[in-house]
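Below, each value reflects all heavy atoms present in this structure, side chains not excepted, and no hydrogens, waters or symmetry copies.
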Amino acid sequence: MTARAHAADVMNRAVAPGHRTLDAEVEQVRREARRRFASFVLDRANPGAHFRNQASRPLDNSVFEKAGDLGLMRFSLPASIGGEGRDKLAWGVVVEEIARLSRDPGFAVLLDISVEICELILSSGRPELIERYVPDLVAGRRFGVQGAYESLDPYDYRSTARLEDGAWVLNGAKRFLAGARFADLFLLFVRDEASNDMLAFLVEKDDPGVTPIHMDTMGMHTMGLGQVVLDRVRLPEWRLVWRADALSELNTYARIRRTMSACGVLGALDGVIENCVEALATRRRAGRRVLDYANVERTVGEMRALLMQARASVYRALDGTRDTGRDPHFDEFATVAKHHASECALRIGQLVMGLMGGEAYMSAFPWERFMRDILGLISGQGSQETLLMQLGQRTIVGIEGTRVREEAAERTVAKLADSWWALHAAEAAANGAPAQLADAVAEMTTAAKLDPVPAEQRAELTAFLDTSHAALAAARSGQPPGALPEVPGGFTGRLAERAAGARSFLACALAQETGLLARLLEPCTPKEAAAGVGGPDEDTTARLLDTLVSASLVRRDAEGRLAAEEGLERVLVGGPRTTAFAARLRRTVTAAGRLRTGEQAAGRAEFTGCGAESAPLADALVNELLGRLEGLPERLDRPGAKVGCAAGDGGAAAAELARHIPFVPVLALEPEAAADTARAARDPRTPAGESLVEVRTGGPDSFTAEDRLALAWLPTAGRTAQETGRAAGSAAGALLPGGWLLLVAPLPPKRPAGAAALRLELALTGAPAPAEGALEEALTEAGLTHLRTAWEDPALGIRLLAARRP
């Protein structure tokens, strides 16, 4: 009998073997961009973006130098000058991804401008220009911009050049130059007075007669927009880039710039749609989620349709750049892509404004800034309604599904950590836990449903944990971790299950410590993975990966290649979340180790919400809470106002607050032993002069009224309820009227074993978990009002409790 044919069998015909679709090619580059550059954008470019925009201050030049170190500038430049030689499609996808991740809408645009200035200089074929300027531009040590705009036909330019005594003399002005306020180099198009032809020159900012002038604009405040005035600027002849017909070169530049600016728009649109859906996810109206209303689904669907339309036209234009037969001076698809992307951005901005209500008009939220910035980038079988509703449903489900997968992956690791704690608690119970820990240990073993370990299995349990900690110690010291310990053969039932979970947690911790997890952002074989990280050998790597596959943290494709589960991406690509994930793994390992040895914690940097875990919290404070803590932005703007930090973690939390709230001094209270360490821990990524961390020796209750705090930051982990109460009272007295106190508190998991593990971890610090409502009571007794949980993240296991001074 002939097999029944299906429409898909006929319509979805396979293409020639080895052929890759454009979507597949784009996705591969997108993954590469995230792996290579996401951490840089999240960690270096994003902090302080809100306040830079508010103050109309451009990014620090050191950001571009760091971009050069990472190879961002080299990505699409020719191999002959040390570049990677990637095509414009790949570079456009990188620009789009950077724009999606960046909280600074001008950053991706400025990166591309500097790259294209390099290309323009290279196209001149002038060795003296290439050798002098290109290496510094590629390395980010210089920043160059192009200037042609005068609102006039090029042959009517008022900016002119004339040859006089063997030198060119330039006069005039160029308006609307991105980066003009901080650029080192200007490639300017002017009219030759003698021939009326268009010429192009390289002008340095320090040339006599060159004056950059700030330009006030509606949006794009961090792009350094400005004018360049030329007053009898004398240039040697070798600074002439093109001796004739520079207009053709300008048209070539404009052609690709249109496409690249549209790529930046695509990234911004993708980010704003995702942020909009996430912002609406917790809102309810008439007992229903706002996202469940058909008109909201329809609106989100329209936004998605507009994004996909813009993306299709932009990718078509990018793909066309690889056609050697295209018009070198005018690209129809690039023009359409720029127009359509801008039109789509305007419409999406209107839809977001309608969904967000009053927040859309407040400068503390990103929606108002998005509308202003998009305006600056314009200088585009079922009923249509049904299709839009379906698109809206798919978009909402997709975004929420991604978040669910991300949280599920982190919860999987947390559940494995429960087993790690359970085995350590079982060992402690078998050996006789110290009296102060006995209750917490017993609660942990009960929650894990573990019976007392029989005497004949205690040695096996101790040996298993000894081998585990030895492997971790080796990995931390940069040595091969050795073989992954096997679950002892004598273990049965629940003990064997918990040992298997602990072994999977150990594999995850080792993979994180050695860099193997990050290597799995892209599919690879065990051999490739081992070669890529330089840690475990191939056999050990294979066993680690097999264990992680069994734990559903790594997947294996049909070809046998392995990659991290999609949900782990946000804790592997870099940035605050990655830092916190690594800190949580290490904290769990070391805290459980202290249960075995009886040692005290080396410092508060290991506690929940302190040290490396403060990075995502500072990011959430600025980018999620700033507009929800009434009056906080205004208090931070007051002369003499400070941010107070009583983390006591060697200055790590204070440094993060300073990076995310630049231009506001941060006062860090540190114990005497840690004060010098904190002073040395000033974050080198924060440009000098943008922030100040003042370290003062003292406990968390050492704030005074003279400190004039707009915001006080107080992590509670490792402190008793009484200590937290005294610290809250001290901070409340130091707050300005209307200032806010934020308590950073552990958030107990809903899992019984997870909650017991947290209580055991806190008991090891000597500060048991406070009774329910104790923190709120401490804030009330301090005279503070407007108490609420302002933010919480179950995956991180942290909540921020906020209260305001009347």
Side-chain angles (χ1 to χ4, degrees), residues 26 53 88-89 91-113 116 145-146 148-149 151 175-179 215 217-223 225 250-251 253-276 299-321 330-356 360 366-380 388:
V26 166
N53 179 77
K88 285 298 179 183
L89 172 65
W91 176 237
V93 175
V94 171
V95 170
E96 178 189 353
E97 188 62 17
I98 288 174
R100 185 183 71 83
L101 294 170
S102 178
R103 299 190 188 280
D104 190 326
F107 180 48
V109 178
L110 292 170
L111 278 176
D112 179 62
I113 287 173
E116 286 168 8
V145 300
Q146 172 269 349
Y149 181 74
S151 297
R175 300 170 55 195
F176 214 75
L177 275 66
M215 181 189 304
T217 57
M218 177 187 294
M220 307 301 289
H221 290 163
T222 61
M223 281 186 62
L225 289 163
L250 175 60
N251 287 337
Y253 172 84
R255 178 200 65 198
I256 195 61
R257 268 300 308 143
R258 287 169 182 165
T259 308
M260 290 301 159
S261 64
C263 291
V265 174
L266 288 185
L269 292 182
D270 204 351
V272 82
I273 293 172
E274 181 175 344
N275 291 337
C276 178
T299 301
V300 176
E302 183 176 354
M303 289 194 289
R304 184 67 177 180
L306 290 162
L307 172 62
M308 296 307 292
Q309 292 168 24
R311 185 168 277 158
S313 65
V314 173
Y315 287 176
R316 174 62 183 83
L318 286 171
D319 194 33
T321 62
F330 181 79
D331 188 330
E332 182 179 43
F333 285 106
T335 303
V336 171
K338 170 64 169 62
H339 176 270
H340 191 58
S342 298
E343 290 297 310
C344 290
L346 276 175
R347 178 59 183 156
I348 288 174
Q350 291 174 330
L351 293 171
V352 170
M353 299 282 280
L355 286 175
M356 301 310 301
W367 328 115
E368 176 263 353
R369 182 173 70 247
F370 173 79
M371 283 299 293
R372 285 190 286 107
D373 292 339
I374 285 301
L375 288 173
L377 292 174
I378 302 176
S379 317
L388 290 173

Does the side chain of Leu307 reach to within under 4.5 Å of the side chain of Asp270, using non-hydrogen atoms? yes
Which value, rounded to the nearest 0.5 Å, describes the distance between Met215 atom CE and Met220 atom CE? 13.0 Å
Check whether any side-chain heavy atom of Trp91 lies under 4.5 Å from a side-chain heavy atom of Cys263, and answer yes or no. no
Kindly determine whether Tyr315 and Leu266 satisfy side chain to side chain contact (heavy atoms under 4.5 Å, CB included), including the steps that lead there. CA-CA 10 Å; Tyr315 287 176; Leu266 288 185; 4.2 Å; yes
Is there a side chain to side chain contact (heavy atoms under 4.5 Å, CB included) between Leu111 and Val95 once you walk through the steps? CA-CA 8 Å; Leu111 278 176; Val95 170; over 6 Å; no
Scanning both residues in full, the closest heavy-atom pair of Gly264 with Ala99 reads O-CB, 3.4 Å
Spacing of CE belonging to Met223 relative to CG belonging to Leu110, to within rounding of 0.5 Å: 4.5 Å
Please report the shortest heavy-atom distance between Lys88 and Leu318, naming the atom on each side. O-CD2, 3.4 Å
Kindly indicate whether the side chain of Phe370, heavy atoms from C-beta on, has any atom under 4.5 Å from the side chain of Val352. no
Pair Lys338, Val265 - check side chain to side chain contact (heavy atoms under 4.5 Å, CB included), show working. CA-CA 9 Å; Lys338 170 64 169 62; Val265 174; 6.0 Å; no
Pairwise side-chain contact, Val109 with Arg257, heavy-atom cut-off 4.5 Å (strictly under): yes
Heavy-atom check, side chain of Asn275 versus side chain of Trp367, under 4.5 Å: yes
State, yes or no, whether a side-chain contact exists between Leu355 and Met303 at a heavy-atom distance under 4.5 Å. yes
Work out which heavy atom in Cys344 is nearest to a heavy atom in Gln309; give both atom names and the distance. SG-OE1, 4.4 Å
Shortest non-hydrogen pair, Ala341 vs Leu269, comes out as O-CD1, 4.5 Å
When rounded to the nearest 0.5 angstrom, what is the spacing between CZ in Arg103 and OG1 in Thr222? 13.5 Å
Any chance CD of Glu332 has more than 12 other-residue heavy atoms, nucleotides or ligands included, within less than 6.0 Å? no
Could you walk me through whether Met371 and Met353 pass the side chain to side chain contact (heavy atoms under 4.5 Å, CB included) test, one step at a time? CA-CA 9 Å; Met371 283 299 293; Met353 299 282 280; 3.7 Å; yes
Rounded to the nearest 0.5 Å, what separates atom OG1 in Thr259 from atom CG in Asp319? 11.5 Å
In Å, rounded to the nearest 0.5 Å, how long is the span from CD1 of Ile273 to CD of Glu302? 10.5 Å
Looking at every heavy atom in both Leu225 and Ala178, which two are closest together, and how far apart are they? CD2-CA, 3.7 Å
Looking at Arg175, I want to see if its CZ is surrounded by more than 12 non-hydrogen atoms of other residues, nucleotides or ligands under 6.0 Å. no
How close do Asp373 and His221 get, counting heavy atoms only, and between which atoms? OD1-N, 4.4 Å
Salt bridge check: are Arg372 and Glu368 linked by an N-O gap of less than 4.0 Å? yes
Quick one: pull up CE in Met308 and CG in Leu306 and give me the separation to the nearest 0.5 Å. 11.5 Å
